Amino acid sequence: SFNDIDCTASIVKSTDLSNDVLIPSYVEHKSKKYKIISIESKAIKDTIRNLKFAEDSHVQIFNESSFQFAVIENLEIPKSLTTIEDGCFFQSRIHNIIVSPENKFFTYIDNKYLLGKSQENLDQFDILLYARSDLTEAVIPPYIKILKKNSFGSSLESLILSEDSEVEIIEYGVLNYQIKDFKIPK
């Protein structure tokens, strides 16, 4: 979709994507140049090997369900991204996430967990946004305070909070019916 007032655009639908996909910084429409600033709900639901963003990307937002049903081998998080909405990765299978070293809002740890910050000025990443969908067991890092809505896939059977866990909020959809073992500190 296009916003003629501020010359911005959003990715609203992908068609026949495969292998390597590069989201450009701009798109031309009716002889006008528009900055791409967001990926809208259910925009990308294909099987893709590599989803990358231009080095000078302006994408700031992955909206709710942006990648619902997508199967992505490698997803790149651009330095410009500031917001990942709840449920962005709901029912998706993303095998690897590469966060730009220049992005101060997100990190991907242990090749398993995509983390964000509850407040922009924090040094610590304290929100779990997404866990790799093929995980059967998740041991939550002690500094995580919030497990976001639908952050785990249906393969998860065991969720473990350590004795020094700081988890305060477990949102809807985290504890799915597949979980057989849920360990919490006393």
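Quick caveat: nothing in here was measured; it's all calculated off a predicted structure.
More than 12 heavy atoms of other shown residues, nucleotides or ligands fall within 6.0 angstrom of atom CG in Asn111. For Lys183, the NZ atom counts as loosely surrounded, since its 6.0 Å shell holds 12 or fewer non-hydrogen atoms of other residues, nucleotides or ligands.
Taking CD1 from Ile184 and CD1 from Ile140, the interatomic distance works out to 13.0 Å, rounded to the nearest 0.5 Å. Rounding to the nearest 0.5 Å places CG of Leu147 at 5.0 Å from CD1 of Ile170. Ile98 contributes atom CD1, which lies 7.0 Å from atom CG of Asn50 (distance to the nearest 0.5 angstrom). The OG atom of Ser65 lies 8.5 Å from the CD atom of Gln91; values are rounded to the nearest 0.5 Å. Rounded to the nearest 0.5 angstrom, Ile84 CD1 and Ile39 CD1 are separated by 11.5 Å. Taken to the nearest 0.5 Å, the CZ atom of Phe62 stands 12.5 Å off from the OH atom of Tyr130.
Between Glu55 and Lys79, the closest side-chain pair of non-hydrogen atoms falls below 4.5 Å. Side-chain contact between Leu75 and Phe89: present, with at least one pair of heavy atoms (C-beta onward) separated by less than 4.5 Å. Considering only heavy atoms from C-beta on, Ile72 stays 4.5 Å or farther from Ser92 through its side chain. The closest side-chain heavy-atom distance from Asn150 to Asp86 is not below 4.5 Å. Inter-residue side-chain proximity for Phe152 and Ile179 is flagged as unmet; no heavy-atom pair is nearer than 4.5 Å. Contact check for Leu115 versus Tyr143: side-chain heavy atoms found under the 4.5 Å cut-off. At a threshold of 4.5 Å between non-hydrogen side-chain atoms, the residues Leu81 and Phe53 do not count as touching. Side chains of Lys112 and Leu135 form a contact here, defined as non-hydrogen atoms less than 4.5 Å apart.
If you run side chain to side chain contact (heavy atoms under 4.5 Å, CB included) between Leu114 and each of Val99, Thr107, Leu128, only Val99 comes through.
With 3.5 Å as the limit, one finds a donor-acceptor pair spanning the side chains of Ser10 and Glu40.
Under the 4.5 Å side-chain heavy-atom criterion for ILVMFWY residues, no single connected hydrophobic cluster contains both Val71 and Val21. Under the 4.5 Å side-chain heavy-atom criterion for ILVMFWY residues, a single connected hydrophobic cluster contains both Leu175 and Ile144. Hydrophobic clustering, with ILVMFWY side chains joined whenever heavy atoms are under 4.5 angstrom apart, groups Phe182 together with Leu156. Ile23 and Ile61 fall into different hydrophobic clusters, where Ile, Leu, Val, Met, Phe, Trp and Tyr residues are linked whenever their side-chain heavy atoms come under 4.5 Å apart, directly or through other members. Hydrophobic clustering keeps Ile109 apart from Val139 (ILVMFWY residues linked when any side-chain heavy atoms are closer than 4.5 Å, directly or through intermediates).
Not a single donor-acceptor pair under 3.5 Å links the side chain of Thr8 to the backbone N or O of Ile37. Using modelled atom types, no side-chain atom of Tyr113 and backbone atom of Pro141 make a donor-acceptor pair closer than 3.5 Å. Side-chain atoms of Arg93 never come within 3.5 Å of backbone atoms of Asp134 as a donor-acceptor pair (strictly under, hydrogens ignored). Although no hydrogens or angles enter the test, the distance criterion places no donor-acceptor pair under 3.5 Å between the side chain of Asp164 and the main chain of Pro142. Checking side-chain atoms of Ser25 against main-chain N and O of Asp56 turns up a donor-acceptor pair under 3.5 Å. Glu171 places a side-chain N or O within donor-acceptor distance of the main-chain N or O of Lys149, the cut-off being under 3.5 Å.
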Discussion item. The test is side-chain hydrogen bond (donor to acceptor under 3.5 Å, both in side chains); show your working for Thr83 and Glu85 and say whether it passes.
Written reply: CA-CA 6 Å; Thr83 305; Glu85 291 189 353; over 6 Å; no
Worksheet item: Going through the checks in order, is the side chain to side chain contact (heavy atoms under 4.5 Å, CB included) test met by Asn63 and Ser38?
Response: CA-CA 7 Å; Asn63 285 292; Ser38 68; 3.8 Å; yes
Worksheet item: Run the side chain to side chain contact (heavy atoms under 4.5 Å, CB included) check on Phe105 and Lys117 step by step: do they pass?
Response: CA-CA 6 Å; Phe105 298 97; Lys117 297 178 180 181; 5.6 Å; no
Practice prompt. For side chain to side chain contact (heavy atoms under 4.5 Å, CB included), just list the numbers for Phe67 and Leu51, CA-CA rounded to whole Å, side-chain angles, deciding distance to a tenth of an Å, and then say yes or no.
Written response: CA-CA 11 Å; Phe67 301 100; Leu51 179 58; 3.5 Å; yes
Worksheet item: Between Glu157 and Lys180, is a salt bridge (Lys or Arg N to Asp or Glu O under 4.0 Å) present by the stated rule, with each step listed?
Response: CA-CA 5 Å; Glu157 295 177 0; Lys180 297 176 177 106; 3.7 Å; yes
Fill in: Derivation and outcome, side chain to side chain contact (heavy atoms under 4.5 Å, CB included), residues Gln124 and Glu166
CA-CA 12 Å; Gln124 186 68 48; Glu166 295 181 23; over 6 Å; no
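Smallest separation of non-hydrogen atoms from Glu73 and Arg49: CB-O, 3.0 Å. Taking each heavy atom of Val27 and Ala9 in turn, the nearest pair found is CG1-CB, 4.0 Å. The minimum heavy-atom distance linking Ile36 with Pro24 is given by the pair CD1-O, 3.4 Å. Nearest heavy-atom pair across Ser133 and Ile94 is OG-N, 4.1 Å. Taking each heavy atom of Val59 and Pro78 in turn, the nearest pair found is O-CG, 4.3 Å.
A cation-pi contact, defined as under 6.0 Å to the ring centre and within 45° of the axis, links Lys33 to Tyr26.
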